[in-house]
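These notes are about the structure you will find just below.
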Amino acid sequence: MLVERDHIGIFGKMNSGKSSVMNLLTQQATSIVDATPGTTADTKIALQEIHGMGPVKLFDTAGLDETAGLGEKKRAKVFADLKECDLVLLVIDPDTDDFATEKEVLEKARDLDKQILVIYNRFQPIGAERIGAVEQAIPLLRFHQKIALVAVDKDCRAALLEFILANFVSKNVKMELFPFLERDEFYVLNIPMDEETPPGRYLRPQAMAEEYITRHWAWPVSYRMDLGKARQGDASERKRFDDFLNGFGKRPKAIVTDSQAMDLMHTWTPDDIMLTTFSIMMINYVSRGRLAAFVKGIEAVDTLAAGDKVLIAEACNHSRIAEDIGTVQIPNFIERHWPGVQIDHNFGREFQENERLQSYKLVIHCGGCMITAQKLLARIRDLDSIGVPYTNYGVFLSYAQGRDALRQVLLPWGIDYHAAD
Ligand SMILES: Nc1nc2c(ncn2[C@@H]2O[C@H](COP(=O)(O)OP(=O)(O)O)[C@@H](O)[C@H]2O)c(=O)[nH]1
Ligand code: SF4
Ligand SMILES: [Mg+2]
């Protein structure tokens, strides 16, 4: 696999110690460190292998608060660098007072869904109250991990590296759509389609599943289930499905179903065939393997009480059909089981701008097939840092069929969901 360098940029005010952090990381005097403001005239680049992280490209940027001389040009360059970065290291000197620059970096970086880590550079031993004041001045800091260190002290290097390694997700983390896939085996894709399903193409998760299975030398087989007929208890529809499954030369290994069909598939899937859903597949893939976190979030459902708020989040603004999952099915289910729970919706970009995230008891997120891992991970980081649990459509709709159904769809992913009582 082609390994791409992760880009790590160091940002902050003049004299906050950015170049010192760069030198600490590179272990050499890459950058000129000087107390004269504006010493780093332009961005300094260092190419390096960092143990445990692989090849990185480090950017030591100029202070954004420089106004003299080439100030504007430098600022433009710094923001161009920010766009290029996978990780933003924001260096803050807690002994200063004006944090307009830090706020600006933070806002721009969050807008771009960047991974952001905060470094408090302690020029002198300072008390917790200084840092408390900084965090009061910049409320957005609550969303990000922090470390305090002395940038000019070589002994701080190990702690800084450990901090970055523990909190940074490299773009080189390789993700498998189906980690459980075996070659020369059948995989069934249950794609109900309804009157409103646009003709001419599969939805993205369906197309991805088919492509992945084929690429890995296994055999995808699509099946169109007639949900309306099946739900009316029409025996011919059940027979059609059983005949289909019995028509294979050998047993299919797994069925991947539209989450909406979980009410049927939970009981229709024979014990010797695995079952999971497209939405679960997708959220695991886009979140870079964080399915377990979405499973953990489902527990919050049982604590819902009247007056609580739940946020249903969809990552794109697709056209909504009559029996839409996010606007009709999930809200109806919640209303039936937990009357009085208030449901809000976020479509597309609004999530990042939602000032009320903290007020939700639970966030139910769609499969996220139309957003990048970078964007989804930014959402998860925000929710993790403010302690709001989150789950996903596929997990929710499976759970809606009971704990056994959820257990069933998680088994292929190596998650042994225990039916708590
Ligand atoms: N005592 C002390 N001095 C520091 C520390 N970090 C940076 N400095 C000094 O502060 C000045 C500015 O540091 P520099 O890294 O060039 O800041 P930059 O403008 O953000 O790149 C230099 O004289 C550094 O030696 C620190 O943690 N402790
Ligand atoms: S991003 Fe979410 S809402 Fe949009 S199509 Fe994909 S799963 Fe549906
Ligand atoms: Mg510098």
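Order of listing sets the numbers, starting from 1, for every ligand and every atom in it.
Checking side-chain atoms of H144 against main-chain N and O of V118 turns up no donor-acceptor pair under 3.5 Å. Under a 3.5 Å cut-off, the side chain of Q408 and the backbone N or O of L275 do not form any donor-acceptor pair.
Taking backbone and side-chain atoms together, S19 has an N/O/S atom less than 2.8 Å away from the Mg ion (ligand 3). Contact annotation: C369 places an N, O or S atom under 2.8 Å from atom 6 (Fe) of ligand 2.
Within ligand 1, the atoms closer than 4.0 Å to a non-hydrogen atom of V150 are 26 (C), 27 (O), 28 (N), numbered from 1 in the order shown. Near G367, meaning under 4.0 Å from one of its heavy atoms, ligand 2 places the atoms 7 (S). Within ligand 1, the atoms closer than 4.0 Å to a non-hydrogen atom of S19 are 15 (O), 16 (O), 18 (P), 21 (O), numbered from 1 in the order shown. Heavy-atom proximity to A315, at under 4.0 Å, picks out these atoms of ligand 2: 1 (S), 2 (Fe). Near K13, the atoms of ligand 1 lying under 4.0 angstrom from a non-hydrogen atom of the residue are 20 (O). For ligand 2, the atoms closer than 4.0 angstrom to any heavy atom of G368 are 1 (S), 2 (Fe), 7 (S).
Residue G12 places no heavy atom under 4.0 Å from ligand 1.
Note: F180 and Y187 have tilted aromatic rings, judged against thresholds of 30 and 60 degrees for the angle between ring planes. Relative ring orientation between F333 and F396 is described as perpendicular, the plane-to-plane angle rising above 60° on a 0-90° scale split at 30° and 60°. Taking the six-membered ring where the residue is Trp, F241 and Y223 present perpendicular rings, their angle passing 60° and hence far from 30°.
For the pair R288 and Y285, the cation-pi test (distance below 6.0 Å, angle within 45°) is passed.
For ligand 1, the polar-atom distance check finds an N/O of A151 within less than 3.5 Å of one of the ligand's N/O atoms. Checked by distance only, ligand 1 and G17 come closer than 3.5 Å through their nitrogen or oxygen atoms. For ligand 1, the polar-atom distance check against K18 finds a nitrogen or oxygen pair separated by under 3.5 Å.
In summary, of the residues considered (L227, T257, L264), a side-chain contact (heavy atoms from CB on, under 4.5 Å) with P192 occurs for L227 alone.
Residues I312 and Y393 have side chains in contact (heavy-atom distance under 4.5 Å, counting atoms from C-beta outward).
Taking 4.0 Å as the cut-off between side-chain N and carboxylate O, D384 and R290 do not count as a salt-bridged pair.
With a heavy-atom cut-off of 4.0 Å, N15 touches ligand 1 through backbone and side chain alike.
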